[in-house]
Amino acid sequence: ETGVTQTPRHLVMGMTNKKSLKCEQHLGHNAMYWYKQSAKKPLELMFVYNFKEQTENNSVPSRFSPECPNSSHLFLHLHTLQPEDSALYLCASSPDLGNTEAFFGQGTRLTVV
Amino acid sequence: AQTVTQSQPEMSVQEAETVTLSCTYDTSESDYYLFWYKQPPSRQMILVIRQEAYKQQNATENRFSVNFQKAAKSFSLKISDSQLGDAAMYFCAYRSQYNFNKFYFGSGTKLNVKP
């Protein structure tokens, strides 16, 4: 257990649904990340937040909308997704954006039907 | 752009034997950080070992060690005395020192450990 908790663990949603993924950390970290993990592909960095401010949007489609209300919580709002968006979505945090490694949650397995 | 390549999708090793996982990366930067992460079936990524590019000495962490070849942009992971619990996906990662948003991972290598 690394101190980063993601909910739900599994999610099945239709293409017209709206859902949200939640990430929570109480490690006192200031930087939080969303990654997309698809089979046999490199992890894709989606968004980076530092001190609640978005510092990176890696050309992610607008159907993914992140929200960081405070340094401990990070959300990923989903709407009108496509089947190819099915993947494992990983949240991570680090003390800052410096040289320290990231601590990961267990991910949300998303299936879009 | 920085990219990380792991050319071995899957590998197998006999328990107690040694295995080496390969990783290469592409960068024009001189200072950066490299990591190996382990992802067991529980899906939670766990840091195995890290290496600062400015350090010539290869990092070691118990049974895990790296062979860092900066000129060749190679960063392999050696696991000695393999144990059943080492079975997992292993990801190589690169982090820029100049732009900390740039934290890139490879596609992973699945390691099987045979009893």
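Residue numbers begin at 1 in each chain, while the letters A, B, ... track the order of the sequences.
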Enquirer: Counting only heavy atoms from other residues, nucleotides and ligands, does the tally under 6.0 Å from CD of A:E84 exceed 12?
Expert: yes
Enquirer: Determine, using the 4.5 Å side-chain heavy-atom cutoff (strictly less than), whether B:V4 and B:M11 are members of one ILVMFWY cluster.
Expert: yes
Enquirer: Do B:R43 and A:Q37 have side chains that approach each other closer than 4.5 Å (heavy atoms only, starting at C-beta)?
Expert: no
Enquirer: Please classify the contact of B:Q39 with chain A as side chain, backbone, both or neither, using a heavy-atom distance under 4.5 Å.
Expert: side chain
Enquirer: Is it possible for you to say whether B:F103 and A:F47 belong to one hydrophobic cluster, with membership spreading through side-chain heavy-atom contacts below 4.5 Å?
Expert: no
Enquirer: Do any of residues 106-115 of chain B come closer than 4.5 Å to chain A, heavy atom to heavy atom, and if so which ones, in number order?
Expert: B:G106, B:S107
Enquirer: Are A:F104 and B:F105 an aromatic pair, judged by ring center distance below 6.0 Å?
Expert: yes
Enquirer: Hydrophobic clustering (ILVMFWY, side-chain heavy atoms < 4.5 Å, transitive) - are B:L77 and B:L84 grouped together?
Expert: yes
Enquirer: Please tell me whether A:L88 and A:F75 are part of a single hydrophobic cluster in this structure, the criterion being side-chain heavy atoms less than 4.5 Å apart.
Expert: no
Enquirer: If contact means a heavy atom pair closer than 4.5 Å, which residues of residues 7-20 of chain A contact chain B?
Expert: A:R9, A:H10
Enquirer: May I ask whether A:Y89 and A:V48 are part of the same hydrophobic cluster, defined by side-chain heavy atoms of I, L, V, M, F, W, Y residues being less than 4.5 angstrom apart, directly or through others?
Expert: no
Enquirer: Please collect all disulfide (SG to SG under 2.5 Å) contacts where either partner lies in residues 69-105 of chain B, sequence neighbours excluded, each pair once.
Expert: B:C23-B:C92
Enquirer: Would the number of heavy atoms belonging to other residues, nucleotides or ligands and lying under 6.0 Å from CD of B:E10 be above 12?
Expert: yes
Enquirer: Which heavy atom in A:L43 sits nearest to a heavy atom in B:F91, and how many Å separate them?
Expert: CD1-CE2, 3.4 Å
Enquirer: So for A:A102, is it side chain, backbone, both, or neither that comes closer than 4.5 Å to the heavy atoms of chain B?
Expert: both
Enquirer: Is any side-chain heavy atom of B:Y37 closer than 4.5 Å to a side-chain heavy atom of A:E101?
Expert: yes
Enquirer: In residues 50-71 of chain A, which residues are in contact with chain B at a heavy-atom separation under 4.5 Å?
Expert: A:T55, A:E56
